[in-house]
Amino acid sequence: MEIQKSEVKKKTLPPLPNVDRWGYVKTRFAPNPDFLIHLGNARPALLSFLYAKMYKGKFVLRFEDTDPRIKTPIPEAYQRIRDDLRWLEVSWDEEYIQSLRMELYYSIAKKLIEIGGAYVDLCTPDEFRKYRSARRACPHRNMASEDSLELWDKMLEGYYGEGEAVVRVKTDLEHPDPSVIDWVAFRIIDTDNYPHPLTGSRYVVWPTYNFAAAVDDHFMGITHILRGREHAVNTVKQSFIYSRMGWRYPEVINLGRVNLEGFILSKSRIKELLNRYPHRFLGLDDPRFGTIASLRRRGILSDTIREIINNLGVKSSDATISWDNIAAINRRIADKRAKRIMFVAKPILLVLENLKLPYQIVLPFHPSANLGSRTYTITTPRVYIQREDLEKLGKGDVVRLMGFANVVIKDIDLERGEAKAIVESFDVSEARSVGAQIIQWVAEEHSAKAGLYVAEGLRLRKIRGLVESSIERLSVGEVVQLIRLGFARIDSLHPTPILIFAHV
RNA sequence: GCCGCGGUAGUAUAGCCCGGUCAAGUAUGCGGGCCUUUCGAGCCCGUGACCCGGGUUCAAAUCCCGGCCGCGGCACCA
């Protein structure tokens, strides 16, 4: 008769490698602010944060915005990413923005060129490709470092246009993976035409991901990098800088990708859809997307996402999360704190007879938790129930209006959209004894027109209905349970209440 | 094509490093029952998996080899 671990045992994370050799733990999450983060990004973000916490270390948030041209940062993305992380209860000890650290990258580039670890390459991409596939050095590779340095200064001065000069890191010309061979560390971006949202046209020489990340991970003292396994080669590429500079490369853990069944996660795909059909979506956080903001808007709780990610662990194999699974976890968590309210989809009028007026009803917001209640004083015998429920009933059937009364159907006129019923009794046990269906309803005088958005794959249905007027007392953002329909989040209250369906 | 990573029930995951306690645990799904003023929650019972083939061993989900399948990378993206 003892209560045992009925609470969900927190799956503990496996230990990080070589923690004792570093003496401390510092991790980072490095999103590109070219869009919002999605469920897949939540994995490295949350795991990095959790590991830092587990080892009482530090956690860094770093915005990687060094491509104003192809992955142009969205100005509001910086803040929305911060908001999403905070919502996930992720907090960071330090924050950096790469586009604000350009001088550091330049100084390391200079040093690297000086010591012969990098060079300025004036080849066209085509020319270089030829040398590379022949595993031969391009003519610029063997220039004296002073000469390369001169070209570097010319790059910085804006002498070259896009595509005319790059800085390459000297690697192994024989490397089996051609992309590793003398990879590009800096390229020129015409910021007059492609201004950076933070620095405008101030810089034309931009570090690539591999260069900026390599330098930052070193100077920020990152000990453990958790990132998607699509980055595996980048570890190889960046290692060349580390060995030239005599730095120690952080421990790397490659994570598998996360897919969410039936959802669009890909940033580029979402951006494309928003561009092509801007009016078909409810914004960047449309409930059909797999972004954190979308899931939140749909009523998925922060705890749910954290549990999902925690359950995935640190495997390097990909995972496809099923919606059923998310819904089950969310339901379990939300059930304890979601207020119950009644929403009547496709309503039809039911006129009650034999009801002494006025009649007062007190409905608790939750069957067991103490979440308060609302009181309705019924002064007219007109209520609405779902057409679908009525269609299953016939004359003489007993049905219980939840929390209110047991009624006998007297007359159904689907044409006129009206039915009549006689109030028989009020006690639920009487409804039980005759096996009556218990349905939700709203009083005409205490209802408001409302919309319920239901996302189904790429489709978004809007169901019109009536909701209890006491929804006005609840707040936007609140996750409620619509009785007999399922969980939903209140998306707005004015001019009419709009809810977004989460799951049954 | 070339490099790299991975394959446990419908889905996800534990176990694999350090072979036996694994005739494989957990969650979800599915079937059944109880409970309940919801088609929600809770409780109980049941269901279902080690990619294939060799090898090592007294013993392999775990180690080795080969195959198959899946994924990632091969950018002046991150």
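Quick caveat: nothing in here was measured; it's all calculated off a predicted structure. In what follows, chains carry the letters A, B, and so on, assigned in the order in which the sequence lines appear, proteins first and then strands, with residues in each chain numbered from 1.
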Between B:rG40 and B:rU21 - C1' atom distance, rounded Å: 41 Å
Looking across every strand, which nucleic acid part, if any, lies under 4.0 Å from A:Ala319 by heavy atom: base, sugar-phosphate, or nothing? sugar-phosphate
Return no unless some side-chain N or O of A:Arg331 is found under 4.0 Å from OP1 or OP2 of B:rG42. no
Proximal nucleotide (of B:rU38, B:rA78, B:rU11) relative to the A:Asn234 side chain: B:rA78
Whole angstrom is fine here: how far is it from CD1 in A:Ile300 over to P in B:rU28? 15 Å
On a whole-Å scale, what distance lies between the P atoms belonging to B:rU13 and B:rA23? 23 Å
Atom-to-atom span, CG of A:Asn406 to P of B:rU37 - whole angstrom: 13 Å
Determine whether any donor atom in the side chain of A:Gln481 lies under 3.5 Å from an acceptor atom in the base of B:rU38, or the reverse, and answer yes or no. yes
Have a look at A:Val166 and say if it touches a base, only the backbone sugar-phosphate, or nothing, with a 4.0 Å heavy-atom cut-off. base
Can you tell me how far C1' of B:rG42 sits from NE2 of A:His366, to the nearest Å? 12 Å
Whole-Å distance between B:rA78 P and A:Asp34 CG? 10 Å
OP1, OP2 of B:rU28 versus side-chain N and O of A:Arg332: anything below 4.0 Å? no
Before we go on, tell me: are the rings of A:Phe29 and A:Trp92 under 6.0 Å apart, centre to centre? no
A:His231 has an atom NE2; how far is it from atom C1' of B:rC77, in whole Å? 10 Å
Distance-only side-chain donor-acceptor flag, A:Asn330 / A:His503, under 3.5 Å: yes
May I ask you to check whether A:Phe219 and A:Tyr105 place their ring centres under 6.0 Å from each other? no
Could you give the distance separating B:rA9 and B:rA24 at their P atoms, to the nearest angstrom? 14 Å
Examine distances only and state if a side-chain atom of A:Glu307 and a backbone atom of A:Thr304 form a donor-acceptor pair shorter than 3.5 Å. no
When all nucleic acid strands are considered with a 4.0 Å heavy-atom cut-off, which category describes A:Thr66: base, sugar-phosphate, or nothing? sugar-phosphate
Nucleotide nearest A:Ser322 when distance is taken to its side chain, options B:rU28, B:rG6, B:rU11: B:rU11
Atom-to-atom span, CD of A:Glu424 to P of B:rU37 - whole angstrom: 21 Å
Of the nucleotides B:rC77, B:rC76, B:rU28, which has the atom closest to the A:Ile70 side chain? B:rC77
Considering all heavy atoms, the nearest A:Ala214-A:Tyr242 contact: O-OH, 2.7 Å
Closest of B:rU38, B:rU28, B:rA78 to the A:Asp324 side chain is B:rU28
I'd like the P distance from B:rC16 over to B:rA61, given in whole Å. 14 Å
Determine whether A:His224 and A:Tyr51 satisfy the following criterion, side chain to side chain contact (heavy atoms under 4.5 Å, CB included), listing intermediate values before the conclusion. CA-CA 9 Å; A:His224 293 77; A:Tyr51 268 123; over 6 Å; no
Centroid separation under 6.0 Å, is that true for the rings of A:Phe404 and A:Tyr376? no
Check: protein-nucleotides 66-68 of chain B nitrogen or oxygen pairs below 3.5 Å:
none

Which of the following nucleotides, B:rG29, B:rA78, B:rU37, is nearest to the side chain of A:Thr208? B:rA78
Of the listed B:rG40, B:rG6, B:rA12, the closest approach to the A:Ser316 side chain comes from B:rG6
I'd like the C1' distance from B:rA60 over to B:rG15, given in whole Å. 13 Å
To the nearest angstrom, the CD1-P distance between A:Ile189 and B:rC77 comes to 6 Å
Once you round it to whole Å, what is the distance between P of B:rG73 and CG of A:Asn210? 13 Å
Quick check: are there more than 12 heavy atoms from other residues, nucleotides or ligands sitting under 6.0 Å from NZ of A:Lys130? no
Taking the nucleotide of RNA chain B with the closest heavy atom to each, which residue, A:Ser179 or A:Phe487, is nearer the 5' end? A:Phe487
Given B:rC76, B:rU8, B:rG40, which nucleotide is nearest the side-chain atoms of A:Lys315? B:rU8
Ring centers of A:His140, A:Tyr131 separated by less than 6.0 Å: no
Scan A:Asp190 against the nucleic acid and name what it touches under 4.0 Å (heavy atoms): base, sugar-phosphate only, or nothing. nothing
For the C1' atoms, the ones on B:rC77 and on B:rG55, what distance do you get once it is rounded to whole angstrom? 46 Å
Between A:Asn325 and A:Leu401, whichever has its closest RNA chain B nucleotide further toward 5' is A:Asn325
A:Pro367 side chain, from C-beta outward: closest of B:rA75, B:rU38, B:rA78: B:rU38
May I ask you to check whether A:Phe289 and A:Phe263 place their ring centers less than 6.0 Å from one another? no
Expressed as a whole number of Å, how far does the C1' atom of B:rC69 sit from that of B:rC76? 36 Å
Any donor-acceptor N/O pair, A:Thr171 side chain to A:Asp182 backbone, under 3.5 Å: yes
Side chains of A:Arg82 and A:Gln79: is there a donor and an acceptor less than 3.5 Å apart? yes
Quick one: are the ring centres of A:Trp183 and A:Phe240 less than 6.0 Å apart? no
Any A:Arg229 side-chain nitrogen or oxygen under 4.0 Å from OP1 or OP2 of B:rG73: no
Of the nucleotides B:rC74, B:rA12, B:rU38, which one has an atom closest to the side chain of A:Ile483? B:rU38
For RNA chain B, just give me the dot-bracket, please: Watson-Crick or G-U, both distances below 3.5 Å, ( ) intra-strand, [ ] crossing earlier pairs, | paired with another strand, . unpaired. (((((((..((((......[....))))((((((.......))))))...(((((..]....))))))))))))....
base_contact_polar (B:rC71 base, A:Arg257 side chain, donor-acceptor, <3.5 Å): no
Roughly how far apart, to the nearest Å, are B:rG20 and B:rU57 at atom C1'? 11 Å
Give the nucleotide from the list B:rA12, B:rU38, B:rA75 with an atom nearest to the side chain of A:Arg340. B:rU38
